[in-house]
There are 2 protein chains.
Amino acid sequence: MTIQHREAALPDGAAVAPDQTIDHAASDTSGRAPLSCTRIIEAAVRYVDDNCLDELSMRRLGSELGVEAMSLYRYFPSKAALLEAVAGRLLRDLQLPDDANADAWEEQIRAFAVSFRAITREHPRLVPLLSAMSPEDAVPAGIHERMVGVWRRAGLSETDSRSAQRALQSYLSGSSQWHQESCMGRAAEHDFRYGLDVFLDGVRTRVAEAGGAT
Amino acid sequence: MTIQHREAALPDGAAVAPDQTIDHAASDTSGRAPLSCTRIIEAAVRYVDDNCLDELSMRRLGSELGVEAMSLYRYFPSKAALLEAVAGRLLRDLQLPDDANADAWEEQIRAFAVSFRAITREHPRLVPLLSAMSPEDAVPAGIHERMVGVWRRAGLSETDSRSAQRALQSYLSGSSQWHQESCMGRAAEHDFRYGLDVFLDGVRTRVAEAGGAT
DNA sequence: ACCTGAACACCGTTCAAGT
DNA sequence: ACCTGAACACCGTTCAAGT
């Protein structure tokens with residue numbers, strides 16, 4: 001039951017222009033450019049980065065954009081939908097595997113993991129948003145499938161591939177929580193690598209067993 | 001900056017009796033027993049189990065207990081403090097290692113992991129609460145130290161032990177999110193074991209290398 | 001077409017007051 | 001000692017209205 005941006009489906013069936021900011025300098029906060037989904041999403045990310053998730057309200061976000069809260073409802077049907085779009089926006093920066101490279105599975109997994117980590121380190125205050133969403137909603141199904149493909153090509157069975165990807169995602173999501181306030185850096189980067197290495201060691205063993213069969 | 005139950009520290013310095021329900025049948029919801037921290041915490045757990053975290057408000061929790069919202073502030077200084085106490089209550093059921101058993105490290109780790117998982121499976125709607133807290137606050141430092149002790153006795157170095165425990169905690173916390181609504185059971189139990197096994201395999205290798213040195 | 005104002009049904013929390 | 005009432009400064013969201 002993924003909530004979506006409102007696209008058409010307005011009371012009178014009128015379409016909504018999702019994105020009309022052509023000007024690249026659109027990120028000037030002065031704020032006379034017309035509203036758009038992306039402008040709203042970017043303002044939300046900025047607001048949470050500068051303050052915190054709990055402090056984000058439709059009213060405050062509106063005034064950040066020089067607009068009444070109610071105007072935002074032309075672009076998103078609810079606050080929940082807006083937040084989901086914000087999460088989607090963040091995960092756009094995930095580094096996805098390249099289907100061509102057959103055997104570089106470990107680099108591809110690592111690149112994905114590190115890119116996820118980079119996102120949460122850049123936006124620690126948005127971490128609670130990602131973890132409030134169920135993992136299935138957080139990482140779109142398409143991405144999940146592509147990653148399962150990497151595990152398959154590495155040599156794992158279909159079920160093991162799905163389990164491995166879910167385990168990786170669990171680990172990434174859990175690790176990101178250490179970025180929240182109050183448990184500052186604390187050798188977090190080293191710990192992250194350690195866990196990832198241990199996990200990949202374990203998988204490598206299984207791949208060797210399944211593939212070479214000694 | 002862990003928030004605590006109010007213990008004394010009332011405006012006039014009066015102490016608060018945290019727990020006077022002697023009667024074991026105290027969980028009858030009829031609700032004329034006097035308020036107490038534990039009674040409030042239990043009602044909160046029940047309420048979230050039956051509804052969801054977002055719907056828990058001081059006003060509603062109060063009326064669940066047959067009392068005005070404001071009465072709760074005699075026992076907890078804020079809603080945040082109450083929620084933290086709820087989390088603490090849940091984690092009371094963690095199965096902690098027994099310092100005696102020197103070499104059963106793997107069973108002890110597994111027991112801890114499985115008990116964490118049992119808690120989140122019993123209370124899926126409280127998972128967002130646990131993941132909203134930083135991992136350091138969620139699992140009290142004492143528990144963390146005892147688990148680090150297990151890794152040490154397994155044969156890991158001090159730094160590796162801390163990293164391993166943090167990785168395990170990350171994995172457990174991340175895995176629990178699959179219990180949230182909308183991504184129903186979905187072979188979750190199998191996936192959980194798989195990730196845990198892979199992780200422990202990886203650690204076992206390191207223990208062997210460090211200990212036996214081939 | 002896009003934005004606003006006023007209103008509704010809620011919040012967490014404070015404080016003075018009841019018994 | 002323990003609980004309440006009224007109030008404050010907020011919420012998300014609806015809907016009719018402005019331009």
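The sequence lines fix the lettering, A, B, ..., with proteins before strands; numbering per chain opens at 1.
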With the side chain of A/Lys79 defined as its heavy atoms from C-beta on, choose the nearest nucleotide among C/dT13, C/dG5, D/dT13.
D/dT13
Please give, in whole Å, the distance from C/dT13 P to B/Phe76 CZ?
13 Å
Any side-chain N or O of B/Tyr75 under 4.0 Å from OP1/OP2 of D/dA1?
no
note: A/Leu83, atom CG; D/dC11, atom C1'; distance rounded to Å ~ 14 Å
Measure from CZ on B/Arg74 to P on D/dG5 and round the result to the nearest Å.
15 Å
Which residues within residues 49-57 of chain A lie with some heavy atom under 4.0 Å of an atom in DNA chain D?
A/Leu56, A/Ser57
Suppose we define a pair by two distances each less than 3.5 Å, Watson-Crick or G-U wobble; what does D/dC11 pair with here?
none
Selection from C/dC11, C/dC3, D/dC11 that lies nearest to any side-chain heavy atom of A/Arg60
D/dC11
Among C/dC2, C/dG12, D/dT13, the nucleotide that comes nearest once only the side chain of A/Ser78 is considered:
D/dT13
Does any N or O in the side chain of A/Arg152 come within less than 3.5 Å of the main-chain N or O of A/Ser161, such that one atom is a donor and the other an acceptor?
no
Within 45° of the six-membered ring axis of B/Phe192 and under 6.0 Å from that ring's centre, is NZ or CZ of B/Arg117 located there?
yes
Value in whole Å for how far the C1' atom of D/dT13 lies from CG of A/Leu72
12 Å
Rounded to the nearest 0.5 Å, what's the gap from CZ on B/Arg121 to CZ on B/Phe116? Could you check?
12.5 Å
Which of the following nucleotides, C/dG12, D/dT13, D/dT4, is nearest to the side chain of B/Val67?
D/dT4
Return yes when atom CZ of B/Arg193 has more than 12 non-hydrogen atoms of other residues, nucleotides or ligands closer than 6.0 Å, and no otherwise.
no
Students often get this wrong, so: under 4.0 angstrom with heavy atoms, is B/Met70 touching a base, only sugar-phosphate, or nothing?
base
In whole angstroms, the gap separating P of C/dC11 from CE of B/Met58 amounts to 12 Å
Side chain to side chain contact (heavy atoms under 4.5 Å, CB included) with B/Asp98: of B/Glu107, B/Arg146, B/Gln108, only one passes, and it is B/Gln108
B/Glu68 atom CD is separated from D/dT4 atom C1', nearest whole Å, by 6 Å
d(CG, B/Leu65; P, D/dC3) in whole Å
10 Å
Please check: side-chain N/O of A/Arg162 versus main-chain N/O of A/Val148, any donor-acceptor pairing under 3.5 Å?
no
Specify the separation, in whole Å, of atom CG of B/Leu61 and atom C1' of C/dC11.
14 Å
Nucleotide forming a Watson-Crick or wobble pair with C/dG18, both distances under 3.5 Å
D/dC2
On DNA chain C, check which nucleotide each of A/Ser71 and B/Arg59 is closest to and give me the residue with the more 5' one.
A/Ser71
Any donor-acceptor pair under 3.5 Å from A/Arg125 side chain to A/Asp49 backbone:
yes
